[in-house]
Amino acid sequence: MSERKTLTVPNEEIVEQKLYIEELKSKLWGKGLTYHIVTYGCQMNVHDSENLAGMLADMGYTETSEQHEADVILFNTCCVRENAELRVYGNIGSLKAYKQANPNRIIGVCGCMMQQSDIADYIKKTFPFVDVIFGTHNLHRFPGLLLQALDSNHTIIEIMDTEGKIVEHIPVKRATGVSAWVTIMYGCNNFCSYCIVPHVRGRERSRRPDDILEEIQTLANEGYKEITLLGQNVNSYGKDLEQNYLFHQLLRDSTKIEGIERIRFMTSHPKDLSDELIYAMAEHGKLSKHIHLPIQSGSNRILRDMNRKYTKEDYLERVKKIRSIMPDISLTTDIIVGFPGETEEDFRETLKLVEQVGYDSAFTFLYSPRKGTPAANKTNQIEQEVKKERLARLNNKLNKSSNERNLIYKDKLVKVLVEGPSKTKEDIYTGRTDTNKIVNFESCPDLVGKLVSIRIKKAQTWSLEGEVVPNG
Ligand code: SAM
Ligand code: SF4
């Protein structure tokens, strides 16, 4: 990469929003106002919520975990599957009583669901107490919209149909002090036939390398030890940039930033997983030895109908290559069951592939028809009962595989980045291996944010248990 000398000036949209933030700050000063954000869906949404939290914190709001007490309640929505949408409707409905209890409270609904043409209007009509509705492309404009909502009795709606340019320097308030999400690109060009993401997140847009590396440097200065680079298909990072700079180069440059001990990334599309990326991962100790490589189905016929642009043979060849160079790598995946037209034979091919690969873990989903996607219009939809029965069989096989993969760790010494106390017991701490395995162990607050050696004593399906080995 060329020398890192240019630091971007905040773009004019952000300058404008900062003025709104200042206006809100003086307007709300001393009122002790609070916010509560509910996030649905993937890590990209989680990170968007960190930006919303950052903007609210700059206005003087503080976070509360008690939704019913909050002065601003935001729902950041997901539309990848129908059940996520149904949950959102149910949960918005239950906010009516809160609004009646405190009419000054602001209720906002944003995110992917709002980018679907009729949903914002439906929400406005069905839940007239919602104060502000906005989409994914204008998240950075939240301060201006909040200001309007505070001054109005009507629902403020702003949805942008096109993605526009990338906006840098949006305030951010991250959840933990050890590990941080960094979005490296937005949108997706793949148009898998079942998927709504390209329709609501727009086309692929890569952030400039300098902006990303500057953000990682800032995170290192703030004491973060681990970063996860995010994108719907990180392997196509950079293909839209003017300069010749691809994902493996970004990874290599990220490893040069002192203070960052580990670098993770997700998600990788199998068709774009390059040899250069595999070699970079093998060479650099800081690059996590874990790849999330969604297969979706083990049947070539279904993969073709899904528009995935690889065959199971291509996929297995990639896995073979990865494992020949990094034998200890952990591999995880996403699988959809019950895609339209999936026969028992197709499904068995998925089971067979799961056995062949030996995944460390997987996210599995019942196919959910999404309006506006080609697969939703197919007439050969699979019955819900059949989908559920297949999902149970698949999960059974995957659980066995996870258990077997975890057993490999028994009695081994692993390096774990300590994240913090576990949710269950005060003196039990939790962290992750390089291969993204969750490890629980007895520890103390001093070790949070440190890489410690742990001897694994017990392997379970979802996690490992171990003991700290001092000076290990
Ligand atoms: N871009 C990533 C990729 O292609 O691997 C994943 C994005 S998507 C938010 C996460 C997962 O949701 C997908 O890998 C897929 O398994 C699942 N998914 C997407 N659309 C779905 C649908 N209509 N029904 C069920 N699962 C779906
Ligand atoms: Fe959706 Fe496919 Fe893009 Fe992933 S690669 S976001 S599954 S269209």
Side-chain angles (χ1 to χ4, degrees), residues 1-4 6 8 42-44 47 163 166 168 179-192 197-198 201-217 219-220 224 226-257 260-295 308-310 314-315 317-319 321-326 329-334 434-436:
M1 193 188 68
S2 61
E3 237 179 72
R4 288 181 48 206
T6 44
T8 39
C42 66
Q43 286 78 9
M44 303 285 272
H47 188 45
E163 49 266 35
I166 289 180
E168 293 290 345
S179 191
W181 309 110
V182 176
T183 300
I184 62 166
M185 60 193 297
Y186 298 90
C188 180
N189 288 353
N190 288 314
F191 289 94
C192 300
V197 171
R201 287 276 181 178
R203 298 297 79 73
E204 280 174 8
R205 286 147 287 145
S206 301
R207 287 178 69 197
R208 291 174 358 123
D210 284 348
D211 291 330
I212 298 170
L213 294 168
E214 184 199 337
E215 184 174 348
I216 300 173
Q217 182 66 63
L219 291 167
Y224 287 91
E226 178 182 85
I227 51 155
T228 304
L229 306 179
L230 290 179
Q232 294 299 347
N233 176 13
V234 287
N235 296 316
S236 65
Y237 171 81
K239 290 181 182 166
D240 57 327
L241 291 172
E242 270 171 28
Q243 66 206 99
N244 182 11
Y245 188 85
L246 296 174
F247 184 52
H248 64 96
Q249 291 162 296
L250 177 67
L251 278 180
R252 284 180 194 277
D253 282 333
S254 304
T255 63
K256 294 179 194 149
I257 296 177
I260 297 296
E261 309 275 2
R262 274 201 190 142
I263 299 163
R264 304 189 184 282
F265 56 86
M266 68 188 309
T267 296
S268 291
H269 195 300
K271 77 176 166 53
D272 295 314
L273 187 101
S274 67
D275 284 353
E276 286 88 347
L277 172 68
I278 301 174
Y279 295 131
M281 286 180 77
E283 265 171 50
H284 286 275
K286 282 187 184 182
L287 297 180
S288 166
K289 301 297 174 278
H290 165 225
I291 301 188
H292 186 66
L293 200 59
I295 175 74
R308 287 293 286 180
K309 302 192 182 88
Y310 54 81
D314 299 333
Y315 185 93
E317 187 280 321
R318 286 285 79 189
V319 169
K321 174 101 192 192
I322 295 166
R323 286 215 170 115
S324 71
I325 295 169
M326 294 174 282
I329 192 126
S330 129
L331 272 176
T332 57
T333 199
D334 291 348
D434 185 25
T435 51
N436 209 28

Legend entry - Ion pair R208/E168, N-O distance below 4.0 Å: no

| task | For the residue pair H248 and S274, confirm or rule out a side-chain donor-acceptor distance under 3.5 Å. | result | no

Closest non-hydrogen contact found for P294 with P270 is O-CG, 3.2 Å

Value for OG (S179) from CD1 (I227), rounded to nearest 0.5 Å, stands at 9.0 Å

Should the pair R308-D314 be classified as a salt bridge under the 4.0 Å nitrogen-to-oxygen rule?
-> no

Taking L293's backbone N and O only, do any of them form a donor-acceptor pair with Y315's side chain (distance below 3.5 Å, no angle check)? yes

Non-hydrogen side-chain atoms of Q232 and P198 separated by less than 4.5 Å: no

Shortest non-hydrogen pair, S206 vs L241, comes out as O-CD2, 3.8 Å

Q: Take M185 and D240, measure what side-chain contact (heavy atoms from CB on, under 4.5 Å) needs, and give me the verdict at the end.
A: CA-CA 10 Å; M185 60 193 297; D240 57 327; 5.8 Å; no

Report yes or no: does R205 contribute a side-chain atom to a donor-acceptor pair with the main-chain N or O of R203 at less than 3.5 Å? yes

Could you check whether any side-chain heavy atom of H47 comes within less than 4.5 Å of a side-chain heavy atom of L230, counting everything from C-beta outward? yes

(request) Please determine if E261 and K286 form a salt bridge, counting it only when a charged side-chain N lies under 4.0 Å from a carboxylate O. (result) no

inquiry  = Distance alone, cut at 3.5 Å: any donor-acceptor contact between the side chains of T332 and H292?
reply    = yes

Establish, from distance only, whether the side-chain atoms of S236 and D272 form a donor-acceptor pair under 3.5 Å.
no

Looking only at heavy atoms, the pair that brings M281 and K289 closest together is O-NZ, 2.8 Å

Using a strict threshold of under 4.0 Å (side-chain N to carboxylate O), is an ion pair present between E215 and R207?
yes

Tightest non-hydrogen contact, residues I295 and T333, listed as N-OG1, 2.8 Å

Between S268 and N233 the two heavy atoms that sit nearest each other are C-OD1, 4.3 Å

Output for pair (T267 OG1, Q43 CD), nearest 0.5 Å, gives 7.0 Å

Exactly one of L251, L246, I212 clears side chain to side chain contact (heavy atoms under 4.5 Å, CB included) with Y237, and that residue is I212

Side chain to side chain contact (heavy atoms under 4.5 Å, CB included) test vs I263 passes for just one of V182, L229, L250, namely L229

Distance col, row L273:CG vs F247:CZ, nearest 0.5 angstrom, shows 9.5 Å

Query - Flag side-chain contact, heavy atom, 4.5 Å: D253 against Y245 - result: yes

Check: Do N235 and K271 have a side chain donor and acceptor closer than 3.5 Å?
Finding: no

Rounding to 0.5 Å, atoms OG (S254) and CD (Q217) come to a distance of 11.0 Å

Between the CG atom in N190 and the CD atom in E204, the distance rounded to the nearest 0.5 Å is 6.0 Å

In this structure, CZ of F191 is separated from NZ of K309 (nearest 0.5 Å) by 9.5 Å

Between M266 and V234, is a side-chain contact (heavy atoms from CB on, under 4.5 Å) present by the stated rule, with each step listed?
CA-CA 6 Å; M266 68 188 309; V234 287; over 6 Å; no

**OP:** Kindly assign one of parallel, tilted or perpendicular to the pair H269 and Y310, based on the angle between their ring planes and the thresholds 30° and 60°.
**Re:** perpendicular

Could you walk me through whether K321 and R318 pass the side-chain contact (heavy atoms from CB on, under 4.5 Å) check? CA-CA 5 Å; K321 174 101 192 192; R318 286 285 79 189; 3.9 Å; yes

Check your understanding: Are side-chain N/O atoms of R264 and T228 paired as donor and acceptor at under 3.5 Å?
Key -> no

- request: Would you sort out whether H290 and I329 count as a side-chain contact (heavy atoms from CB on, under 4.5 Å), showing the intermediate values?
  value: CA-CA 6 Å; H290 165 225; I329 192 126; 5.6 Å; no

